Number of protein chains: 2
Amino acid sequence: MNNHSCNCERCQHKICAKRVPIFSTLNAEEINRVVNLIIRKRYSRGEMIILEGSHLDSLIIINSGKVKAFRNTFEGKEQIIYIFSQGDFFGEKNLLINQNAQYNVEALEVTHVCTIKKDDFKKLLREYPEIGLKIIEELCSRLERLENAVESMGTKNAEERVNEVLLEFARKYGKESQNGIIVELPLSREGIANYIGVARETVSRKMNLLQEEGIIEMVGNKKVIIRNIDAL
Amino acid sequence: MNNHSCNCERCQHKICAKRVPIFSTLNAEEINRVVNLIIRKRYSRGEMIILEGSHLDSLIIINSGKVKAFRNTFEGKEQIIYIFSQGDFFGEKNLLINQNAQYNVEALEVTHVCTIKKDDFKKLLREYPEIGLKIIEELCSRLERLENAVESMGTKNAEERVNEVLLEFARKYGKESQNGIIVELPLSREGIANYIGVARETVSRKMNLLQEEGIIEMVGNKKVIIRNIDAL
DNA sequence: TTAAAACTGTGACCTATGTCATAATTTTGG
DNA sequence: CCAAAATTATGACATAGGTCACAGTTTTAA
């Protein structure tokens, strides 16, 4: 299914809800109930979906598109903490333990989201405990990504971190082809730098090295072809 | 209550179960049920509680003591990911999504733990959904700590990270006194270094600087008195 | 209590990577 | 499609902090 086949204005969000892992255990009728609770929103590239410190009253689920969750340090640096895409949700912490947003969320491209009001979400959670288990699962996988990030930032040098992030993007966003794995990068060089905690220039230099070695090929700024994934 | 007042051989673990936040919503009778499922273990300083990659079949809850959860990189570096102490639990991921341990866990001092078999734990979870919510809460606070760690490692220099970790320890383990906040450090200098991702020598140097400035006072290797917490 | 083991402090040195400046390239939006 | 805006590449340079070596100190456990 491509991104355009779900026009939620027409299909009444059915497909969006079906797409979302946390609702995957529900049957058709239950999905219908959920669908009626959903409010849909669209964000353009660069638009803020959540501002750090603001109050949230909805769970937000990504229907299509990509977003970055990040913090700004007071010296003006940006640290990207998560990249969320189709099926991912966020804001759950703010609903479950009633606190304000811990980070900014900004659309990296045109992004459609489904939102569910706090009270509706809590009701669902009470009625369908499997949703709670799905959420625990998702939190665990988020923990896993952060545990890996901490290990990487604490013990690896810039070159290893760049290789690692390319592997991550290849796994998540890559498409196999006979030339190699074609990866549409979700982040600019600067974004990658802010994700792995190095300087923008360092990302450039390390990626150029990889290109010189024939391990990757850069196509413009937003696409990379990975020719030799084992070398990463 | 000090650590010695709970001799669980005698009191049949009642106090251990009561101490544990995830069981805090249960009433006396329910606690009794839980208590009967608990198997108690003792680990000496330096003993391994979990080995990375091993299979786990119990939830482990810390009754007293402290442990570190860490990974070893293949170049022989150690990255500490969590420090767990009284009331904290671990191994849950391995029970809920059936995978092997993601990190080593080692006792930092004499540590008593309560363990609950996977099946018993799952039964409890099904019967008392509030336990699931407590677990979500705990996972969220773990996410929070890791999000902060990633921000810190990605954007802060060694000095700021040392200051930060001292603040964290002061909050978690510090006791107020008229001289300042007395902190029993859970980690050696090397441990701190492996926690915040810098070299052991750097931790020494930055802490000495803080001592010269009168902000902290080091008492032996395992204790620090924080004289001016606002300066950190 | 004491010897051995573990840990810490410190100087010297080095290098990976951050910073700055500028030119070149790519992307975007009207 | 084009001009403006944004992003990237790259060289020069500076430096924070890693590594090494070793002496001194603290902690441990018998």
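A, B, ... follow the sequence lines: proteins, then strands. Residue 1 opens every chain. Treat the numbers as computed from the prediction; the structure is a model and nothing was measured.
Atoms NZ (A:Lys206) and P (D:dT10) sit 14 Å apart, rounded to a whole Å. Between B:Arg189 atom CZ and C:dT10 atom C1' there is a gap of 14 Å when expressed in whole angstrom units. In this structure, B:Leu187 atom CG and C:dC7 atom P are separated by 12 Å, rounded to whole Å. In this structure, A:Asn157 atom CG and D:dG18 atom C1' are separated by 12 Å, rounded to whole Å. Across the protein-nucleic acid pair, A:Gln211 atom CD and D:dA9 atom P stand 9 Å apart, rounded to whole Å. Rounded to an integer number of Å, the gap from A:Glu190 CD to D:dA6 C1' is 10 Å. One can place CD1 of A:Ile216 at 13 Å from P of D:dT8, the figure rounded to the nearest angstrom. Straight-line distance from the CD atom of A:Glu160 to the P atom of C:dA16: 12 Å, rounded to whole Å.
A donor-acceptor distance shorter than 3.5 angstrom exists from the side chain of B:Thr111 to the backbone of B:Lys66, with no hydrogens or angles considered. A:Arg71 places no side-chain N or O within donor-acceptor distance of the main-chain N or O of A:Asn104, the cut-off being under 3.5 Å.
Listed pair A:Thr202 / C:dG18 meets the phosphate criterion, a side-chain N or O lying under 4.0 Å from OP1 or OP2. At the phosphate of C:dT8, OP1 or OP2 sits under 4.0 Å from a side-chain N or O atom of B:Ser188. Look at B:Asn208 and you'll find a side-chain N or O under 4.0 angstrom from OP1 or OP2 of C:dG9.
A salt bridge links B:Arg142 to B:Glu92: at least one charged side-chain nitrogen sits closer than 4.0 Å to a carboxylate oxygen.
Annotation: the terminal axes of the helix from C:dT1-D:dA30 to C:dG30-D:dC1 meet at 80°, where each axis is the rotation carrying the C1' atoms of four end pairs onto the next four (5 pairs per end, rounded to 10°).
Here the CG-CE distance, from B:Leu185 to B:Met218, works out to 10.0 Å after rounding to the nearest 0.5 Å. Atoms CG and CZ, on B:Asn208 and B:Arg205 in that order, are 9.5 Å from each other to the nearest 0.5 Å.
Across A:Gln79, A:Glu52, A:Glu106, a single residue satisfies side-chain contact (heavy atoms from CB on, under 4.5 Å) together with A:Phe70, and that is A:Glu106. Paired with B:Ser152 under the rule side-chain hydrogen bond (donor to acceptor under 3.5 Å, both in side chains), one option of B:Glu160, B:Glu147, B:Glu164 passes, and it is B:Glu164.
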Show me the side-chain donor-acceptor pairs of residues 167-181 of chain B shorter than 3.5 Å, one per line, residues at least two apart or across chains.
residue	atom	partner	partner atom	Å
B:Glu168	OE2	B:Tyr195	OH	2.6
B:Ser177	OG	B:Asn179	N	3.2
B:Ser177	OG	B:Gly180	O	3.0

Margin query: Please encode protein proximity along nucleotides 21-30 of chain D as a string of B, S and -, counting only heavy-atom distances under 4.0 Å.
Written below: B----SSS--
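Contact annotation for A:Val198: backbone-only contact, meaning every heavy-atom pair under 4.0 Å involves sugar-phosphate atoms and none involves a base.
Residue B:Arg205 is the one, among B:Arg205 and A:Lys77, whose nearest nucleotide of DNA chain C lies closer to the 5' end (criterion: closest heavy atom).
Ring-plane geometry between A:Phe84 and A:Phe90 is classed as parallel, the angle between the planes falling under 30 degrees on a 0 to 90 degree scale with a further cut at 60.
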